[in-house]
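Computation of the quantities below employed the complete heavy-atom set of this structure, encompassing side-chain atoms and omitting hydrogens, waters and symmetry-equivalent molecules. Every number for a ligand or one of its atoms is a count from 1 in the order of the listing.
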Amino acid sequence: MRVDAVTLFQSMIDSPLSESIVGRAREEGFLELGFVNPRDFTENRHRTVDGKPYGGGTGMVMMAEPVYRALKTVRKKNSVVILLTPKGRRFDQALALELAKKKHLIFICGHYEGIDERVTPLADMELSIGDYVLTGGEPAAVAVIDAVTRLIPGVLRKEDATVNETFTDGLIEAPHYTRPGVWRGQKVPEALLSGNHKLIAEWRRAQAQELTGKAKSASAVKKKPAVRRKNFK
Ligand code: SAM
């Protein structure tokens, strides 16, 4: 897959996506990541890419023309152009699976107060990674590219590694444990130590259903405390 990012801050994407599984996917050619900077498409002496908002207000707005020109250099017939914005469609695993099948994705990353609204019709999709405001589209692009890349066949060493994952089959994944069997007084559930594959599968399914049931209503998720403290010995 080819991915291009239209961004003023390349390293905010390039650096985090050079590590771990995505870094390896780039080295092995599963993901080809390119960047295009709107600043290279300005015509003024100072290479200015932003201006004051019409109607007044704080902050600066990215101008449409440099973004348009930058996009034009990478856009092809089969490209899916994604404009990152907090008002976009909420990103989720189903969309990650859909995007992982595409040949070419282009992410337009806003910064400052955002991009001139007239750029919006250039995109196939407006996308948000959640109901909060980031400094720029770059961290959002990182999250989406990461989630999509690990779904490209061959990227994860075991092909089935994503099959039972949270959200893939509509269920939250059962919890994982590794050595030691007892850690600071907390035991690994008996079923997982049984060596009985049927029992283990049943336990995992039951856990997944229970966790999914608990998280089902959005309000339940929101009310859940961020950290469940335990007193460690
Ligand atoms: N003034 C805008 C507003 O109130 O909606 C926020 C602009 S934000 C500071 C700058 C850029 O960050 C946006 O243009 C967008 O590209 C990106 N961004 C911020 N939050 C985001 C989110 N939740 N999902 C996707 N992109 C986001």
Side-chain angles (χ1 to χ4, degrees), residues 1-18 22 31 33-42 46-75 79-100 102 104-151 166-167 215 218-219 221-222 224 226:
M1 172 187 281
R2 166 102 197 164
V3 173
D4 284 288
V6 177
T7 173
L8 296 170
F9 299 95
Q10 171 172 339
S11 64
M12 286 179 76
I13 302 173
D14 197 11
S15 174
L17 294 180
S18 297
V22 181
L31 172 68
L33 187 54
F35 301 93
V36 57
N37 189 337
R39 207 175 287 287
D40 295 334
F41 299 88
T42 52
H46 300 292
R47 302 175 74 215
T48 308
V49 288
D50 55 355
K52 289 182 185 155
Y54 278 119
T58 53
M60 299 295 273
V61 176
M62 282 174 67
M63 292 186 288
E65 184 65 12
V67 173
Y68 168 74
R69 289 191 188 187
L71 176 64
K72 244 179 104 176
T73 63
V74 287
R75 185 175 207 163
S79 310
V80 178
V81 179
I82 298 167
L83 178 63
L84 293 159
T85 162
K87 68 179 164 75
R89 167 180 172 178
R90 180 84 68 87
F91 184 60
D92 60 17
Q93 191 69 7
L95 185 56
L97 280 157
E98 221 177 282
L99 295 179
K102 305 291 179 193
H104 186 207
L105 305 178
I106 302 174
F107 292 91
I108 302 177
C109 304
H111 224 90
Y112 315 120
E113 277 309 308
I115 310 177
D116 188 311
E117 188 62 27
R118 290 168 290 184
V119 156
T120 304
L122 300 175
D124 298 302
M125 181 192 302
E126 291 181 86
L127 191 65
S128 163
I129 63 159
D131 290 346
Y132 41 82
V133 179
L134 300 161
T135 53
E138 291 78 8
V142 169
V144 177
I145 296 167
D146 183 294
V148 169
T149 302
R150 63 196 296 287
L151 296 173
T166 297
F167 307 126
S219 58
V221 174
K222 279 178 189 155
K224 198 170 136 188

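- Judged by the shortest distance from any of its heavy atoms, F91 lies outside the 4.0 Å radius around the atoms of ligand 1.
- For the side-chain contact (heavy atoms from CB on, under 4.5 Å) criterion with F107, the lone passing option out of L83, I82, V81 is I82.
- Nearest heavy atom pair, residue P38 against residue A70, reads CA-CB, 4.0 Å.
- Taking each heavy atom of E113 and T58 in turn, the nearest pair found is CG-O, 3.4 Å.
- Residue V133 places no N or O, backbone or side chain, under 3.5 Å from any N or O of ligand 1.
- Per-residue contacts place G114 under 4.0 angstrom from the following atoms of ligand 1 (heavy atoms of the residue considered): 14 (O).
- From the protein, the heavy atom lying nearest to atom 24 (N) of ligand 1 is I129 N, 3.1 Å.
- No more than 12 heavy atoms of other residues, nucleotides or ligands sit less than 6.0 Å from atom CZ of R118.
- Using a 4.5 Å cut-off on side-chain heavy atoms (C-beta onward), L95 and M125 make contact.
- Close contacts of ligand 1 with G110, meaning ligand atoms under 4.0 Å from a residue heavy atom, involve 11 (C), 12 (O), 14 (O), 16 (O).
- In terms of protein heavy-atom proximity, atom 10 (C) of ligand 1 is nearest to Y112 O, 3.3 Å.
- For ligand 1, the atoms closer than 4.0 angstrom to any heavy atom of L127 are 25 (C).
- At a heavy-atom distance under 4.0 Å, no atom of I108 approaches ligand 1.
- Considering both main-chain and side-chain atoms, E113 comes within under 3.5 Å of ligand 1 through a nitrogen or oxygen pair.
- The N/O atoms of L134, backbone and side chain alike, include one that comes under 3.5 Å of an N/O atom in ligand 1.
- Under the 3.5 Å distance criterion, with hydrogens and angles disregarded, a donor-acceptor pair is assigned to the side chains of T7 and E138.
- Between Y132 and ligand 1, an N or O atom pair is found at a separation short of 3.5 Å.
- Within a 4.0 Å radius of atom 26 (N) of ligand 1, the protein contributes one or more non-hydrogen atoms.
- Residue I115 has no nitrogen or oxygen atom sitting less than 3.5 Å from a nitrogen or oxygen atom of ligand 1, judged on distance alone.
- Considering each of G88, A143, P86, the one bringing a non-hydrogen atom nearest atom 5 (O) of ligand 1 is P86.
- By the criterion of a heavy-atom distance under 4.0 Å, neither the backbone nor the side chain of D131 is placed next to ligand 1.
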- Yes or no on side-chain hydrogen bond (donor to acceptor under 3.5 Å, both in side chains) for H111 and D50, after CA distance, side-chain angles and deciding distance? CA-CA 9 Å; H111 224 90; D50 55 355; over 6 Å; no

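- Contacts between S128 and ligand 1 below 4.0 angstrom, taking non-hydrogen atoms only, involve backbone and side chain alike.
- In this structure, L83 does not count as a contact residue of ligand 1, since none of its heavy atoms falls inside 4.0 Å of the ligand.
- Ion pair E117/K87 flagged as a salt bridge, since at least one NZ, NE, NH1 or NH2 atom sits closer than 4.0 Å to an Asp/Glu carboxylate oxygen.
- Each of the following atoms of ligand 1 lies closer than 4.0 Å to a heavy atom of A140: 25 (C), 26 (N).
- Ion pairing of D40 with R47 is present here, as a side-chain N (NZ or NE/NH1/NH2) and a carboxylate O approach within less than 4.0 Å.
- Inclusion of C109 in the set of residues having an N or O under 3.5 Å from an N or O of ligand 1 is not warranted.
- A salt bridge between R2 and D4 is present, with a side-chain N of the basic residue lying under 4.0 Å from a carboxylate O of the acidic one.
- Under the 30°/60° scheme for interplanar angles, the aromatic rings of Y112 and F9 are found to stand perpendicular.
- The distance criterion of under 3.5 Å between nitrogen or oxygen atoms is met by L84 with respect to ligand 1.
- Across all non-hydrogen atoms, the minimal contact from Y132 to I129 is OH-O, 3.0 Å.
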